[in-house]
Enquirer: 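For reference, the structure I am asking about is given below.
A quick note: this is a predicted structure, and the numbers were derived from the prediction, not measured. Every chain is numbered from 1 and lettered A, B, ... according to where its sequence line falls, protein lines coming before strand lines.
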Protein chains: 2
Amino acid sequence: MEANIACQSGICQDHPMNQPAPCCCPPLLTARLTSDELTRIASIFRVLGEPARLQLLNLIAAQPQQEVRACELVETLALSQPTVSHHLKVMYEAGLLTKERRGTWIYYGIVTDRLAELRSVLA
Amino acid sequence: MEANIACQSGICQDHPMNQPAPCCCPPLLTARLTSDELTRIASIFRVLGEPARLQLLNLIAAQPQQEVRACELVETLALSQPTVSHHLKVMYEAGLLTKERRGTWIYYGIVTDRLAELRSVLA
DNA sequence: CATGAATATCGACCTGTATCTATATTCCGA
DNA sequence: TCGGAATATAGATACAGGTCGATATTCATG
C-alpha cells in the first residue's frame with residue numbers, strides 16, 4: 001500500500017541524510033508522526049524554503065545531462081561564490097543533490113528519489 | 001498535460017495566498033521559473049519547514065472530521081497559546097489551512113489542494 | 001614544484017522569525 | 001450587560017541562518 005512504501009533516503013531516520021536508509025516515510029496526512037520524524041521532514045522542507053536553492057534545482061534540472069558544474073551555477077546566480085557553495089552544501093547534506101568531482105570541477109545533480117519522497121509525505 | 005494543469009490557489013501568482021488565483025504552477029524540474037515564482041514557492045516550503053507546523057497538519061488530518069478547534073491544538077502542542085495562534089495564522093495566510101468561526105471556537109482544516117500543488121511542483 | 005583556477009571554509013554582520021508574557025478582542029451564556 | 005472562555009495582537013528577546021570578503025584547500029598544467 002502507498003502508506004508503507006520503502007523510503008530510500010532516510011527522511012525519517014536518524015542517519016546522515018546523504019546516505020541511503022532502510023525506512024519508510026509516513027505520509028503527513030495519514031499517519032501519526034513522532035517528534036523526530038516531524039523535525040526531520042521539516043528540516044528538508046526548510047532547505048526548499050529558499051528561492052536561491054529552488055533556483056539551483058531549477059537550473060540543474062534544465063541541463064540535458066541533469067548535472068552542472070558549480071562554477072556555472074555561480075555565474076548564473078546573482079550571489080557570491082561562497083554563498084552558492086554554502087547552498088550547494090546544505091542541499092547535498094539534505095540528500096537533495098549528488099556531488100561528484102571530475103578533475104578540476106565538481107558536478108552537482110538532483111536526487112529525484114528524494115523529491116519523490118517529499119511528494120509522498122504530502123500525499 | 002501534467003505540466004500545465006490549472007493552479008487553484010496561486011502558488012506562483014502575486015495574489016493574497018489564501019485566495020483562489022487563476023494560474024498554473026510550473027513544475028520545478030521541467031520548466032524555467034521566474035524569480036517571483038521561485039520566491040513564492042519557497043515561501044510555502046518555508047512554512048512547512050517548521051516541526052510545530054507539520055505537527056499541526058498532522059493533528060488536524062488525524063481528526064475524522066478533518067478539522068480541529070484551535071484550543072485543542074493548544075492543549076496538544078507543547079507551546080504557548082500565542083505561539084500556536086501565530087503558526088495557525090502563518091499557515092492560513094499561506095493557503096494551507098481553512099479557518100471558520102463557529103460560535104466561540106475557530107475550526108481549522110487542511111487545504112488538501114494546496115498540498116497537491118506542492119506535490120506537482122516537485123513532480 | 002610553482003602557478004592559477006575551482007571550490008570550500010572561516011568569521012562577521014544582519015535580517016528574519018520562533019517564542020514568550022502581557023494585553024486586547026470577540027463571543028456566548030447567565 | 002457582565003463575566004469568562006477562546007482567540008488574536010503587541011512588544012520584547014533570542015537564536016538561526018543567509019550573505020559577504022578573506023582565506024584555505026584541492027587539482028591540473030606547465
Enquirer: Return the nearest nucleotide to the side chain of A:S85; candidates are D:dA6, C:dA8, D:dT19.
Expert: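 From the listed options, C:dA8 comes nearest.
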Enquirer: Any idea which of D:dG18, D:dA8, C:dA8 is nearest the A:Y108 side chain?
Expert: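 Closest of the options to the side chain of A:Y108: C:dA8.
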Enquirer: Cationic tip of A:K99 within the cone over A:Y92's six-membered ring, i.e. under 6.0 Å and within 45° of the normal?
Expert: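 Judged by the rule (NZ or CZ under 6.0 Å from the ring centre, within 45° of its axis), A:K99 counts as positioned above A:Y92.
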Enquirer: Check whether any side-chain N or O of A:T98 sits under 3.5 Å from a backbone N or O of A:G109 as a donor-acceptor pair, and report yes or no.
Expert: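 Checked: pair present.
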Enquirer: Check B:N58, B:V84, B:V90 against B:R53 for a side chain to side chain contact (heavy atoms under 4.5 Å, CB included) and give me the one that passes.
Expert: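 Of B:N58, B:V84, B:V90, side chain to side chain contact (heavy atoms under 4.5 Å, CB included) with B:R53 is met by B:V90 alone.
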Enquirer: Taking atom C1' of C:dA8 as reference, at what distance in whole Å does atom NE2 of A:H87 sit?
Expert: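 To the nearest whole Å, that distance equals 15 Å.
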Enquirer: Return whichever of A:R53 or B:W105 has its heavy-atom-nearest nucleotide of DNA chain D closer to the 5' end.
Expert: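 Result of the comparison: B:W105.
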Enquirer: Atom CG of B:L88 to atom C1' of C:dT17: distance rounded to whole Å?
Expert: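 For the pair B:L88 CG and C:dT17 C1', the rounded distance is 16 Å.
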Enquirer: Under a 3.5 Å distance rule, please check whether B:E50 uses its side chain to pair with a backbone N or O of B:V47 as donor and acceptor.
Expert: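 No: the side chain of B:E50 does not pair with the backbone of B:V47.
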Enquirer: Would you name the heavy atoms of B:A123 and B:P27 that are closest together and state the gap between them?
Expert: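 Reported closest heavy-atom pair: O-CB, 3.7 Å.
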Enquirer: Given D:dG17, C:dA18, C:dT9, identify the nucleotide with an atom nearest to the side chain of B:E50.
Expert: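 My answer, after comparing the listed nucleotides, is C:dA18.
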Enquirer: Does A:L29 form a side chain to side chain contact (heavy atoms under 4.5 Å, CB included) with A:L122? I'd like the steps, not just the answer.
Expert: CA-CA 7 Å; A:L29 304 186; A:L122 295 176; over 6 Å; no
Enquirer: Is there a side-chain polar atom (N or O) of B:K89 under 4.0 Å from OP1 or OP2 of D:dT9?
Expert: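 B:K89 to D:dT9 OP1/OP2: side-chain N or O found under 4.0 Å.
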Enquirer: Tell me whether the OP1 or OP2 atom of C:dC10 has a side-chain N or O from A:H86 closer than 4.0 Å.
Expert: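 False: A:H86 side-chain N/O out of range (4.0 Å or more) of C:dC10 OP1/OP2.
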Enquirer: For A:Y92 and C:dT7, what is the distance between atoms OH and P respectively, to the nearest whole Å?
Expert: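 In whole Å, C:dT7 P and A:Y92 OH are 16 Å from each other.
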Enquirer: Could you list the protein-to-nucleotides 20-25 of chain C atom pairs, N/O on both sides, closer than 3.5 Å?
Expert:
{"unit_1": "C:dC20", "atom_1": "OP2", "unit_2": "B:S80", "atom_2": "N", "d": "3.0"}
{"unit_1": "C:dC20", "atom_1": "OP2", "unit_2": "B:S80", "atom_2": "OG", "d": "2.8"}
{"unit_1": "C:dC20", "atom_1": "OP2", "unit_2": "B:T83", "atom_2": "OG1", "d": "2.7"}

Enquirer: Find the distance A:R46:CZ to C:dT17:P and express it as a whole number of Å.
Expert: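 Atom-to-atom, A:R46 to C:dT17, this comes out as 13 Å.
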Enquirer: Has B:T39 got a side-chain atom pairing as donor or acceptor with B:S35's backbone, closer than 3.5 angstrom?
Expert: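 Answer holds: yes.
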Enquirer: Is it the case that atom CZ in B:R32 sees more than 12 heavy atoms from other parts of the structure closer than 6.0 Å?
Expert: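 Atom CZ in B:R32 is not packed in, count stays at 12 or less.
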Enquirer: Provide, to the nearest angstrom, the distance between the CZ atom belonging to B:F45 and the C1' atom belonging to D:dG18.
Expert: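 Value for this atom pair: 19 Å.
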Enquirer: How many whole angstroms separate atom NZ of A:K99 from atom P of C:dA6?
Expert: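 These atoms are roughly 17 Å apart.
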Enquirer: Is A:E100 salt-bridged to A:R69, going by a charged N under 4.0 Å from an acidic O?
Expert: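 Salt bridge: no.
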Enquirer: Please encode protein proximity along nucleotides 24-30 of chain D as a string of B, S and -, counting only heavy-atom distances under 4.0 Å.
Expert: --SSS--
Enquirer: In whole angstrom, give the distance that lies between atom CG of A:L54 and atom P of D:dG18.
Expert: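 In whole Å, D:dG18 P lies 12 Å from A:L54 CG.
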